[in-house]
Amino acid sequence: MKRVALACALAWSVGCEFPPYAVRADAGESGGNSAGAGGGPLNSGAGGVAQAGTGGGATGGALAGSVSDGGSGGTAGDPNTSSNSPLGQLASDWRLTFHDEFDAPVLDTSKWNTVLRLRDTSFREWGGRQEFVADENVHTENGECVIVAENRRSGSHPFTSGALNSAGNFAQEHGYFEARLMMPSGNGFWSVWALTSLDGWPPAIYGAEIYGAEPATPHFSFWWQGSTAVQHQSYQGANDYANAYHVYGIDWQQAYLAFYVDGRLIKRWNNPDSQLSGSLSPSINLSIPTADNGAVVPDATTPWPAQLRIDWIRVYEKTL
């Protein structure tokens with residue numbers, strides 16, 4: 001399984017070792033300083049070196065590691081840029097509730113569906129999409145789960161792709177949800193990392209949407225049913241995350257909803273529980289939209305086949 005460079009290391013209180021990942025600083029905002037302890041189990045030895053971000057924006061929180069417990073110390077700095085995720089907090093503040101490292105030779109069907117689910121119904125096509133959702137377009141290899149989109153007709157659908165979700169198997173209200181993904185670029189591709197409800201849409205939280213034709217404008221949003229119509233809050237980023245591995249985090253608590261990429265706060269809204277309620281399930285799709293809503297569709301430049309690669313998915317809940 002691919003690993004990114006060690007910049008801050010966390011030791012998890014659940015008794016197993018997870019790979020660390022870097023806290024990346026984008027231009028205009030500094031990533032703060034981090035001095036991590038060992039990346040292994042509790043009571044491991046000294047760990048990562050300090051790494052300071054660059055840029056002229058606000059300064060992130062300083063993270064101080066403890067050699068004795070292998071965890072990460074307290075946070076400091078501007079609360080709008082300091083992490084409210086497991087990054088920079090004590091491991092004892094969080095409990096792992098669900099995860100898959102995709103190291104098994106086949107997909108764990110006790111955790112995952114490769115069809116779309118709504119209440120008691122499973123389906124393989126949905127409005128505004130051109131693809132047929134096929135089981136064979138989702139597989140594991142080399143410690144990853146891979147969703148493949150193909151220029152292959154299936155019935156009335158000109159393309160074939162796959163979907164992955166835990167609907168009916170696992171759902172949680174509030175917590176920290178994260179996935180390490182590589183999403184493709186290319187005209188006609190629409191990659192989505194989301195939390196969705198088995199009972200219907202909305203509610204939904206979109207931890208990252210990347211349109212392959214516009215990879216430098218990722219979208220982060222949440223949706224709910226208003227009194228007369230579906231409503232949403234949305235934020236558009238300005239970084240190209242396509243064709244590289246990134247950790248996308250959703251920190252959903254009663255008091256706030258925050259989105260992260262590689263440990264960096266992207267957007268935060270307060271009081272989401274006035275719109276969001278109920279348990280939601282991790283969901284990842286690689287879709288091919290129709291042109292009905294102005295979406296860019298596949299053309300001669302579209303690189304087939306496309307792959308959305310999932311290194312791991314993890315879900316936590318606060319213990320305090």
Cluster overlap W224 with V230, hydrophobic side-chain contacts below 4.5 Å:
no
Evaluate the side-chain proximity of N165 to V115: yes if any heavy-atom separation is below 4.5 Å, no if none is.
no
Shortest non-hydrogen separation from V296 to P289 and the atoms involved
O-CG, 4.2 Å
Report yes if some heavy atom in the side chain of I210 is under 4.5 Å from a heavy atom in the side chain of H246; otherwise report no.
no
Might you work through the side-chain contact (heavy atoms from CB on, under 4.5 Å) test for L308 and L164, ending with a clear yes or no?
CA-CA 11 Å; L308 192 162; L164 186 76; over 6 Å; no
Just checking, is any N or O donor in the side chain of T114 or D135 under 3.5 Å from an acceptor N or O on the other one?
yes
Where Y260 and A258 come nearest, the two heavy atoms and their spacing
CE1-CB, 3.8 Å
Short N-O contact, E141 and R309, less than 4.0 angstrom
yes
Among Y211, Y206, W193, which one satisfies ring-ring contact (aromatic ring centres under 6.0 Å, His included) with H219?
Y211
Check whether any side-chain N or O of D251 sits under 3.5 Å from a backbone N or O of Y176 as a donor-acceptor pair, and report yes or no.
no
Side chains of S277 and E173: do they bring a donor and an acceptor to under 3.5 Å?
no
Can you confirm whether more than 12 heavy atoms, excluding those of D120, are under 6.0 Å from its CG atom?
no
Given side-chain contact (heavy atoms from CB on, under 4.5 Å), test R95 with Y316 step by step and report yes or no.
CA-CA 5 Å; R95 181 177 72 89; Y316 308 84; over 6 Å; no
For the CD atom of Q130 and the CZ atom of R153, what is their distance to the nearest 0.5 Å?
9.5 Å
Which atom names give the shortest non-hydrogen contact between P272 and Q254, and what distance separates them?
CD-O, 3.7 Å
Q172 versus S279: any side-chain heavy-atom pair under 4.5 Å?
no
Measuring from atom CZ of F220 to atom OH of Y248, what distance do you get when rounded to the nearest 0.5 angstrom?
7.0 Å
Test item: T302 and F189 side chains (from C-beta on) under 4.5 Å apart, heavy atoms:
yes
A side-chain contact here means heavy atoms from C-beta on lying under 4.5 Å apart; do S197 and L280 qualify?
yes
OG of S281 to CZ of R117, rounded to nearest 0.5 Å, is 9.5 Å
S283 versus V192: any side-chain heavy-atom pair under 4.5 Å?
no
Student check: side-chain heavy atoms of L286 and W190 closer than 4.5 Å
no
Look at the aromatic rings of W269 and F259 and report parallel, tilted or perpendicular, splitting at 30° and 60°.
perpendicular
Please examine the side chains of L116 and N285, heavy atoms only from C-beta on, and report whether any two atoms are closer than 4.5 Å.
yes
Hey, could you give me the CG/NZ distance between N169 and K111, rounded to the nearest 0.5 Å?
10.5 Å
Working to the nearest 0.5 angstrom, can you tell me the gap between S234 OG and K267 NZ?
10.0 Å
Plane angle bin for W112 and F98 - parallel if under 30°, tilted between 30 and 60°, otherwise perpendicular:
perpendicular
side-chain contact (heavy atoms from CB on, under 4.5 Å) evaluation trace for D273 with H174
CA-CA 10 Å; D273 273 22; H174 304 131; 2.9 Å; yes
Centroid-to-centroid, W312 to Y245, below 6.0 Å?
no
Decide whether M183 and V133 are clustered together by the hydrophobic rule: side chain heavy atoms of Ile, Leu, Val, Met, Phe, Trp, Tyr closer than 4.5 Å, transitively.
no
Steps toward side-chain contact (heavy atoms from CB on, under 4.5 Å) verdict (H139, F102):
CA-CA 10 Å; H139 67 275; F102 300 109; over 6 Å; no
To the closest 0.5 Å, what do you measure between CD1 (I313) and OG (S166)?
8.0 Å
Would a single hydrophobic cluster contain both L198 and I205, if residues Ile, Leu, Val, Met, Phe, Trp and Tyr are joined by side-chain heavy-atom contacts under 4.5 Å?
no
Hydrophobic clustering (ILVMFWY, side-chain heavy atoms < 4.5 Å, transitive) - are I310 and Y241 grouped together?
yes
